Chemist: 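Just passing along the structure, written as structure tokens.
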Amino acid sequence: MTASNEKPRLLTGDTPTGRLHLGHYAGSIENRLAMQDDYDCYFLIANVHALTTRSEEVAGIREDTIEIVRDWMACGIDPNRSALFLQSEVPAIAELTWYFAMILGYGRLMKNPTVKDEIRVKNLGDNYSFGFLMYPVGQIADILAFRPDVVPVGEDQVPHIEMTREIARRFDQLYCGVSGQTDDADYVKEGGVFPIPAAKTGRVARLTGIDGVNKMSKSLGNAILLSDTPKEVQKKCNKIFTGRGTMEDPPVMENNTVIEYLRSFHTDQSRVDELVDAYSKSELGDGHLKKEAAEAINTLLDPIRERREKITDADVVDALREGTKRANAVAEKTLWMAKQAMKYDFFERGLELR
Ligand code: ATP
Ligand code: MG
């Protein structure tokens, strides 16, 4: 835990491999908004990790960086309260990545189910870069650089947080003399540099994409974006795969993605009960449910759209500059604490951000 006179700390982030979608909203952003007042919040744009799959289109990474931060601010993430920052401009993260890579087993990394899933789902085959395997280690550094108490994430990220917790324990045991018998909650009290951070999944831990199968994902083309127009939302909802072969087939009630969206985003759940009941008896078809799902989603997105209109590129860059300064202050301190623990503290150094 952080010192008792301070707020507990929260860190999470998004990779600029596309725009934010409804999965991000229900999986993580809602939690961020709910916790923004009670936690000292750090929100990272993982622009270095975006290179794992986009090293040949850096212009797209830059554009998505701006758009994701604009989405954050449009959703209600407030740069005056929370630090919004760029991974590439916090050098302590890159340095910590090296130290953590040295105490993480290669075999352990390759057993991480999220790494295996990403290789499969994104069709990376054997063609992924060396850096792709570095990104989960880098993510450990993204998190631990802030010594956070909690990390709001979607379900797919939980294995990464588990690995982060293992590395925090290992570092504290190896270099800070913390006993392996210590309770997770007591690592810092026992002299550890790193707390053992907890993953916090959202109201919807894994939102399905409009393909009706995979996790809604920026890079799979199955996402409804927070920046989609009302028409685009309706069009995408019309494409949702509900598991039915033809309209003559009976409705599929299990794992039906339209029902999932109605459950996740409609503000009147008794109306959803009625719709689902009528649908199960074939009194209503897929088209009707899709239309109501699109309306519910547009109701959620309308105020976000309105706020987004007013946020300029300059507002975004100002927020990132200020947030990155605050992020560097914390991350540099963490790095110094880690170096002290490792007896690499020959002399202190400063970092100036212009
Ligand atoms: P990519 O396809 O590039 O991996 P992504 O859509 O998975 O993109 P990330 O930037 O990797 O998005 O994830 C940002 C955060 O949002 C993570 O905490 C992740 O767990 C969460 N998240 C992503 N997709 C979903 C989803 N469909 N449901 C719930 N949470 C999600
Ligand atoms: Mg992802």
Side-chain angles (χ1 to χ4, degrees), residues 10-35 41-55 57 60-61 63-65 67-69 71-72 75 77 84 86-87 112-124 128-129 131-132 135-136 138-140 142-143 148 150-164 197-228 236 240 255 257 260-261 263-265 297 300:
L10 178 157
L11 174 287
T12 191
D14 298 300
T15 323
T17 42
R19 308 285 166 91
L20 291 191
H21 53 66
L22 289 174
H24 295 124
Y25 190 83
S28 176
I29 291 189
E30 272 184 355
N31 265 340
R32 301 180 200 179
L33 296 174
M35 297 167 90
C41 291
Y42 293 83
F43 299 121
L44 157 144
I45 291 284
N47 60 336
V48 178
H49 294 184
L51 294 164
T52 56
T53 52
R54 286 186 105 180
S55 56
E57 39 166 345
I61 296 178
E63 196 182 312
D64 288 335
T65 295
E67 294 309 325
I68 289 177
V69 176
D71 274 343
W72 284 352
C75 287
I77 291 180
L84 284 48
L86 290 170
Q87 187 184 45
N112 181 317
T114 301
V115 172
K116 285 195 208 161
D117 265 12
E118 279 188 83
I119 293 173
R120 184 178 53 79
V121 176
K122 294 179 184 172
N123 285 322
L124 301 179
Y128 49 83
S129 61
F132 175 78
Y135 107 76
Q139 192 172 324
I140 294 172
D142 293 337
I143 297 170
V150 61
V151 188
V153 284
E155 188 180 77
D156 62 304
Q157 292 295 312
V158 172
H160 285 337
I161 309 300
E162 197 43 54
M163 224 162 62
T164 305
K200 184 174 170 64
T201 48
R203 182 169 61 86
V204 180
R206 178 197 180 277
L207 191 76
T208 312
I210 60 169
D211 57 9
V213 181
N214 290 303
K215 169 185 98 67
M216 185 176 283
S217 187
K218 290 189 233 97
S219 38
L220 294 181
N222 65 355
I224 297 178
L225 306 179
L226 302 185
S227 48
D228 279 341
K236 286 184 179 176
I240 298 169
N255 300 324
T257 303
E260 184 185 336
Y261 291 178
R263 288 280 176 225
S264 304
F265 301 112
I297 292 167
L300 170 79

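Any value given below was found using the heavy atoms of this structure, including those in side chains, with hydrogens, waters and symmetry copies removed. We count ligands from 1, going down the list as the structure has it; atoms in each ligand are counted the same way. Predicted model only: the values in this text are computed from it and were never measured.
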Chemist: With respect to Gly13, determine whether any N or O atom, backbone or side chain, lies less than 3.5 Å from an N or O atom of ligand 1.
Modeler: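 No, Gly13 has no N/O under 3.5 Å of an N/O on ligand 1.
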
Chemist: Would you say the side chains of Gln139 and His49 form a donor-acceptor pair under 3.5 Å?
Modeler: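 On atom types as modelled, these side chains do not qualify, holding no pair under 3.5 Å.
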
Chemist: Once you restrict to heavy atoms under 4.0 Å, what part of Val204 touches ligand 1? Side chain, backbone, both or neither.
Modeler: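 Only the backbone of Val204 comes within reach of ligand 1.
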
Chemist: Evaluate Val153 for polar contact with ligand 1, using N/O atom pairs at a separation under 3.5 Å.
Modeler: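 No, there is no polar N/O contact under 3.5 Å.
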
Chemist: Between the side chains of Arg206 and Asp156, is the shortest nitrogen-to-carboxylate-oxygen separation below 4.0 Å, so that they form an ion pair?
Modeler: no

Chemist: Considering residues, nucleotides and ligands other than Asp117, do more than 12 of their heavy atoms fall under 6.0 Å from its CG?
Modeler: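 It does: Asp117 CG has more than 12 such atoms within range.
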
Chemist: Keeping His24 on the side-chain end and His21 on the backbone end, is there a donor-acceptor pair under 3.5 Å?
Modeler: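 Checked: pair present.
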
Chemist: Out of His49, Arg54, Lys122, who is nearest to atom 4 (O) of ligand 1 when you count heavy atoms only?
Modeler: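 Nearest option to atom 4 (O) of ligand 1, by heavy atoms: Lys122.
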
Chemist: Please indicate whether any nitrogen or oxygen in Met216 is less than 3.5 Å from any nitrogen or oxygen in ligand 1.
Modeler: yes

Chemist: For atom 7 (O) of ligand 1, which candidate among Lys218, Lys215, Gln139 holds the nearest heavy atom?
Modeler: Lys215

Chemist: To the closest 0.5 Å, what do you measure between CG (Leu20) and CG (Asp64)?
Modeler: 9.0 Å

Chemist: Under 3.5 Å between any N/O of Ser28 and any N/O of ligand 1: does that happen in this structure?
Modeler: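 No; every N/O pair is 3.5 Å or more apart.
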
Chemist: Using a 4.0 Å heavy-atom cut-off, say whether Thr17 meets ligand 1 through its side chain, its backbone, both or neither.
Modeler: side chain

Chemist: What do you reckon, does Glu118 have a nitrogen or oxygen under 3.5 Å from a nitrogen or oxygen of ligand 1?
Modeler: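 In fact, backbone or side chain, Glu118 has no N or O that close.
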
Chemist: Heavy atom of Ala205 under 4.0 Å from ligand 1?
Modeler: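 Contact check Ala205 vs ligand 1: positive.
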
Chemist: Do you know the tightest heavy-atom contact between Trp72 and Asp14?
Modeler: NE1-OD2, 2.9 Å

Chemist: List every atom of ligand 1 that sits less than 4.0 Å from any heavy atom of Gly27, numbering the atoms from 1 in the order shown and giving each element.
Modeler: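 The atoms of ligand 1 under 4.0 Å from a heavy atom of Gly27 are 29 (C), 30 (N).
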
Chemist: What I want to check is whether the side chains of Thr208 and Glu260 have a donor and an acceptor closer together than 3.5 Å.
Modeler: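 Indeed, the side chains of Thr208 and Glu260 share at least one donor-acceptor pair under 3.5 Å.
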
Chemist: Would you say Asp156 has any N or O atom under 3.5 Å from an N or O of ligand 1, going by distance alone?
Modeler: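 N/O-N/O distance under 3.5 Å: yes.
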
